[in-house]
2 protein chains.
Amino acid sequence: MIREFFLGFIKIHILHYASKKAVCGVWLIKELKRHGYAVGPSTVYPTLHRLEKVGYLKSKKVVVGGKRKIFYEITARGLKALGKSKGKIEELVNEVLKNKGASQHE
Amino acid sequence: MIREFFLGFIKIHILHYASKKAVCGVWLIKELKRHGYAVGPSTVYPTLHRLEKVGYLKSKKVVVGGKRKIFYEITARGLKALGKSKGKIEELVNEVLKNKGASQHE
DNA sequence: TATCATAATATCAATTCCTGATATCAATTT
DNA sequence: AAATTGATATCAGGAATTGATATTATGATA
């Protein structure tokens with residue numbers, strides 16, 4: 001169940017990375033693992049496909065080191081979604097971590 | 001798709017609220033709406049049931065103002081999950097908002 | 001005490017997502 | 001041209017999501 005809490009985090013991370021540079025599946029798997037998220041190929045690739053399908057990412061195929069990879073970069077649409085997400089993260093932090101969310105717990 | 005990003009946020013919020021005081025379904029719907037999350041009964045109630053089922057929340061039935069309500073409070077197990085979530089939120093903030101996550105974007 | 005109105009909660013059903021296991025693919029090596 | 005290897009793709013069973021709808025319990029009313 002707690003994994004469900006973080007599925008969105010993972011997607012936001014992916015969008016964030018893809019806003020910094022072009023990323024591919026295997027790199028994401030390693031990077032996300034470094035950040036404490038256990039993510040396998042069968043989670044990452046379908047997610048990348050979906051993120052591209054909705055227009056948040058765009059891909060290009062490249063051969064590097066003798067292996068074909070598919071690199072993903074963020075789109076304008078994806079940047080917009082990422083921006084919206086950042087706003088929500090701030091809201092979450094203010095409410096849950098700092099407890100500054102004008103809470104009227106009446 | 002972007003809604004998927006926030007489904008975890010919503011669950012964390014619920015756990016957070018339930019750690020402050022006993023909460024019921026309708027109150028959560030209003031409160032989450034106040035925080036920008038569109039959440040209806042068919043989202044909140046099954047979620048509450050599941051959170052109770054996994055032992056993060058415990059419920060008690062109360063009659064208030066002539067209406068029966070079910071109030072939920074966090075459990076020790078839920079507190080643990082919430083704590084873990086807070087750690088992840090900080091990590092997310094550092095990486096995505098502050099960009100302090102020792103990122104080796106090689 | 002039967003019925004009604006109301007608010008809170010519960011369920012349905014179609015769609016979609018998640019993911020361990022497995023398969024496929026393409027570039028290089030032998 | 002077969003094998004190797006690393007990267008990506010798919011499958012299939014289970015589970016989650018949610019608009020729509022139904023159910024429930026309480027107090028009021030007659």
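Keep in mind that what you see is a predicted model, and the values were worked out from it rather than measured. All chains are named by letter (A, B, ...) in the order of the sequence lines, taking the proteins before the strands, and each is independently numbered beginning at 1.
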request  = Taking the side chain as every heavy atom from C-beta outward, state whether Y72(A) and Y17(A) have any pair of such atoms under 4.5 Å apart.
outcome  = no

query = Looking at the side chain of Y45(A), which of dA7(D), dT18(D), dG20(C) is the nearest nucleotide?
reply = dA7(D)

key: Under-4.0 Å side-chain N/O to phosphate OP1/OP2 contact, R50(B) with dA15(D)   = no

CA sep, side-chain torsions, deciding dist, call: K60(B), E73(B), salt bridge (charged side-chain N to carboxylate O under 4.0 Å, His left out) = CA-CA 9 Å; K60(B) 64 185 167 197; E73(B) 280 181 307; 3.7 Å; yes

task = Before giving the answer on side chain to side chain donor-acceptor pair (under 3.5 Å), spell out for E95(A) and H13(B) the whole-Å C-alpha distance, their side-chain angles and the decisive distance to 0.1 Å.
result = CA-CA 8 Å; E95(A) 182 66 25; H13(B) 260 110; 5.3 Å; no

key: Gap between atoms CH2 and C1', on W27(B) and dA8(C) respectively (whole Å)   = 16 Å

5' priority, DNA chain D, between L7(B) and I29(A) [closest heavy atom] = I29(A)

task = Say whether I74(B) and F71(B) are linked into one hydrophobic cluster, either directly or through other cluster members, by side-chain heavy-atom distances under 4.5 angstrom.
result = no

request  = Give the C-alpha distance, both sets of side-chain angles, the deciding distance and a yes or no for salt bridge (charged side-chain N to carboxylate O under 4.0 Å, His left out) between R34(B) and E31(B).
outcome  = CA-CA 5 Å; R34(B) 219 168 57 75; E31(B) 184 69 9; 2.8 Å; yes

key: Spacing between Y72(A) atom OH and dA7(D) atom P, to the nearest angstrom   = 14 Å

key: Terminal axis angle for the helix from dT1(C)-dA30(D) to dT30(C)-dA1(D), five pairs an end, nearest 10 degrees   = 20°

query = Would K11(A) and E4(B) satisfy salt bridge (charged side-chain N to carboxylate O under 4.0 Å, His left out), going step by step from the backbone distance to the final call?
reply = CA-CA 9 Å; K11(A) 287 164 191 163; E4(B) 283 175 33; 2.5 Å; yes

request  = Taking only the side-chain heavy atoms of P41(A) (C-beta and beyond), determine which of dA16(D), dT8(D), dT18(D) contains the nearest atom.
outcome  = dT8(D)

message = Tell me whether the rings of Y56(B) and F5(A) are parallel (<30°), tilted (30 to 60°) or perpendicular (>60°).
response = perpendicular

request  = Rounded off to whole Å, could you give me the CG-to-P distance for the L28(B) and dA8(C) pair?
outcome  = 13 Å

Candidates I10(B), I29(B), L7(B) - the one meeting side-chain contact (heavy atoms from CB on, under 4.5 Å) with Y37(B) = I10(B)

query = Which of residues 61-70 of chain A sit near DNA chain D, with a heavy atom under 4.0 Å from it?
reply = K67(A), R68(A), K69(A), I70(A)

message = Measure CG/L48(A) against P/dT10(D) and give the value in whole Å, please.
response = 13 Å

ask   = In whole Å, what is the span from the CZ atom of F5(A) to the P atom of dA15(D)?
value = 18 Å

inquiry  = Using a heavy-atom cut-off of 4.0 Å across all strands, would you classify G25(B) as base, sugar-phosphate, or nothing?
reply    = sugar-phosphate

key: 5′-ward residue of the pair E4(A)/P46(A) relative to DNA chain D   = P46(A)

message = If the cut-off is 4.0 Å, is K53(B) near the phosphate of dA16(D), judged by side-chain N/O to OP1 or OP2?
response = no

key: Rounded distance in Å - NZ (K11(A)) to C1' (dT19(C))   = 12 Å

inquiry  = Less than 4.5 Å apart, side chain to side chain, heavy atoms only: is that true for C24(B) and I70(B)?
reply    = no

query = Which nucleotide in the set dC17(C), dT17(D), dA8(C) lies at the smallest distance from any side-chain heavy atom of V26(B)?
reply = dA8(C)

ask   = In whole angstroms, how far is the P atom of dA16(D) from the CZ atom of R3(A)?
value = 14 Å

query = For L32(A) and dC18(C), what is the distance between atoms CG and P respectively, to the nearest whole Å?
reply = 14 Å

query = Would you say dT17(D) has OP1 or OP2 under 4.0 Å from some side-chain N or O of T43(B)?
reply = no

Within 45° cone of W27(B) ring axis and under 6.0 Å: K69(B) NZ or CZ = no

